[in-house]
Structure formats: structure tokens, C-alpha cells
Amino acid sequence: MGEADEAFVQALGHRPKLSITEDEGIPLIDLSPLSSPNGANTKHIDDLVVEIGNACKTWGFFQVINHGVPLEKRQKVEDAMRKFFAQPLEEKRKVRKDEKKAVGYYDNEHTKNVRDWKEVFDFVADKRILMAASHEPEDKEVPETFNQWPDYPPELRHKDAGALTVLAQDDVGGLEVKRKSDGEWVRVKPTPDAYIINVGDIIQVWSNDAYESVEHRVMVNSEKERFSIPFFFFPSHYTMVKPLDELTNEQNPAKYRAYSWGKFLTTRKGSNFKKLDVENVQIYHFRVQELADKLERALSINSK
Ligand SMILES: O=C(O)CCC(=O)C(=O)O
Ligand SMILES: [Fe+2]
């Protein structure tokens, strides 16, 4: 075997283990009360809300069935996706996405500064949107679009930066979630026609840490290619993200200061195409405690 490009190489502690833990415990939630033909039954809806709340607290991940999305729609998207990716590389590269072009094909994304072993096609479902040109406060907004589909798996552990993610994975499987109770990586069992939903960083901040954004990763295998279709649910770029007023009070003060979602995303995306030597922006950088510690360190350096 030839030498691997060092951009793909994971730090030792993040390489996969050889055995797989498949967890039956990731909640499977039946959404049929939402589309009940006799109108929604309040008791069932209340139970559903509790079930979803518990899943978000315990796992940060759950699968939904009887969600009302017609199977034919999913099959149509899957057919188009397979057809697109089956084309020769030079064809796919004709619709290439890069640092200036926000949508299209790419195969050189970096997550946490390590290159992913995947191919992606990002596309836009909606109108054009405005986005900050950079993280710098004086930079103007520029028109941009962002929506991701479909994703040929990222291999790296990460948390999703948006509010929540809805994901369709195929029957090959490979998505792994870091179990909150013991830090073990467990595999999300492929369930036909189910969608996987996970809490992202924004919900963690909005809920002032009541619901945590959980680390996950995708393990590739050399025998069978795998497809997945993630939908990242993001707020508008001008949204300032901060703990919700109704969830904070004197006993539970805001743990984060407000940050601009558009600027956060722009800074994040700056490292999507190259390996940087510094850690990319993370929500913990906006933690009030983290900022207080930094200030304390700075003051103690200055007084020496
Ligand atoms: O492909 C998957 O199963 C997960 C994809 C993912 O985690 C992501 O794109 O953020
Ligand atoms: Fe993800």
C-alpha cells in the first residue's frame, strides 16, 4: 500500500476501533400521532413531546418513523444522487464548489482540520440569502446560499453547528454516536424509511445546555459505498444566537454570550477546504466561563 496523504490522517485517539457496538437504545420515535386521521389527540401529542424531550436529553439523537414523508420522494432523491455520483470525476468537477462558489460538488472538505474521505454535493432549495463575508465586524454581507445534499460520509468526529439535522442514511450504516452515559461510540442501526434527527450546537446554546449537541462520526468501509442525505436546519444568517430568555433566570444564568450565526458559519467554512493549524471556531468559545477564565489569565500575565 502506498503512503497515505497526511491530510487524511487522524490523531491516534480518534482512529476507529475494530469492534462495533450497535446500540438498540437510540430512541425510535413514532410520529403517527401528528398525522392521525381523527385529528391530533392532545394526550398523544403531549406524550410525544415528552418522548422527544427525553431523547434529546439522554442521547441528543433519535430516529423517527411514520413521519409522513412519502417514500417515493426519498427514492427519487436517492436515485438522482446515485446517478450523479456514479459519473466520472471530471464530469462531477464541472459543477465544482470552491471557496467562492457556495453550491456544487466537492471532495476535499476538511472537518476539524483533517481531510474527510467523502464526496459531497451541496445544493440550494431556497432563494438566495445574505451571509457575512468574513468573521471581521466591518466586512459587508455578500449573497450566498447554503444547503447540503447529499453527503458521502464524513469520517470525522464532529458536532453539527446548526440548530438540528435531519438525516437519511442508507442500509450500509456507519453513523456512530458518542453515548453520553459512558463516552462509548455506538452505531445507529439503519432503519428502513426512518429519519435520524440530532440536536445541533444552536439548540445547545438556546437551551442553555439543557439539550447537548452530541459528537458523532461516520466510519467508512472498503467493501461498500455509502450514501447519506443530511438536511441542516439553520437560522437566518443575521440571527444572534444566545440562551433563550424564558429558559434563563438568576438560578440558571445564561452560560453563553450572544454570537452572530452568519459570522460563525463564515469562519467555520473558511477551514472547510484546507488544513489549518488552529482550532476552528466552536460554541464553547462563547461560554461566559471560558471568557472569564481567559480574562483572568490575561490579567495575571499583565500583572507579572
Ligand atoms: O452521513 C452521515 O450519516 C452523517 C453525516 C454528518 O454527520 C454530517 O454531515 O454532519
Ligand atoms: Fe454531522
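One-based numbering along the sequence shown. As the structure lists them, so they are numbered: ligands from 1, and atoms in each ligand from 1. Fair warning: this is a prediction, and the values are worked out from it, not measured in the lab.
- Here Gln169 pairs with Arg226 under the side chain to side chain donor-acceptor pair (under 3.5 Å) rule; sequence neighbours left out.
- Salt-bridge formation is detected for the pair Glu176/Arg187: a Lys NZ or Arg NE/NH1/NH2 atom is positioned less than 4.0 Å from an Asp or Glu carboxylate oxygen.
- Counting heavy atoms under 4.0 Å from ligand 1, residue Leu167 touches it through the side chain alone.
- Comparing Gln169, Lys159, His216, Arg217 against atom 7 (O) of ligand 1, the shortest heavy-atom distance belongs to His216.
- A salt bridge does not link Arg93 to Glu90: none of the charged side-chain nitrogens sits closer than 4.0 Å to a carboxylate oxygen.
- A salt bridge is defined here as a Lys NZ or Arg NE, NH1 or NH2 lying under 4.0 Å from an Asp or Glu carboxylate O, and Glu119 with Lys92 meets this definition.
- Aromatic ring centroids of Tyr259 and Phe264 lie under 6.0 Å apart.
- For ligand 1, the atoms sitting less than 4.0 Å from at least one non-hydrogen atom of Val218 are 1 (O), 2 (C), 3 (O), 4 (C), numbered in the order shown with element in parentheses.
- One finds an angle of 90° at the Fe ion (ligand 2) between NE2 on His216 and OD1 on Asp160, to the nearest 10 degrees.
- Shown in contact with His158 at under 4.0 Å from a heavy atom are these atoms of ligand 1, numbered in order with element: 6 (C), 7 (O), 8 (C), 10 (O).
- Against a heavy-atom cut-off of under 4.0 Å, Phe232 is close to the following atoms of ligand 1: 8 (C), 9 (O), 10 (O).
- Contact annotation: for Thr165 versus ligand 1, there are no heavy atoms closer than 4.0 Å.
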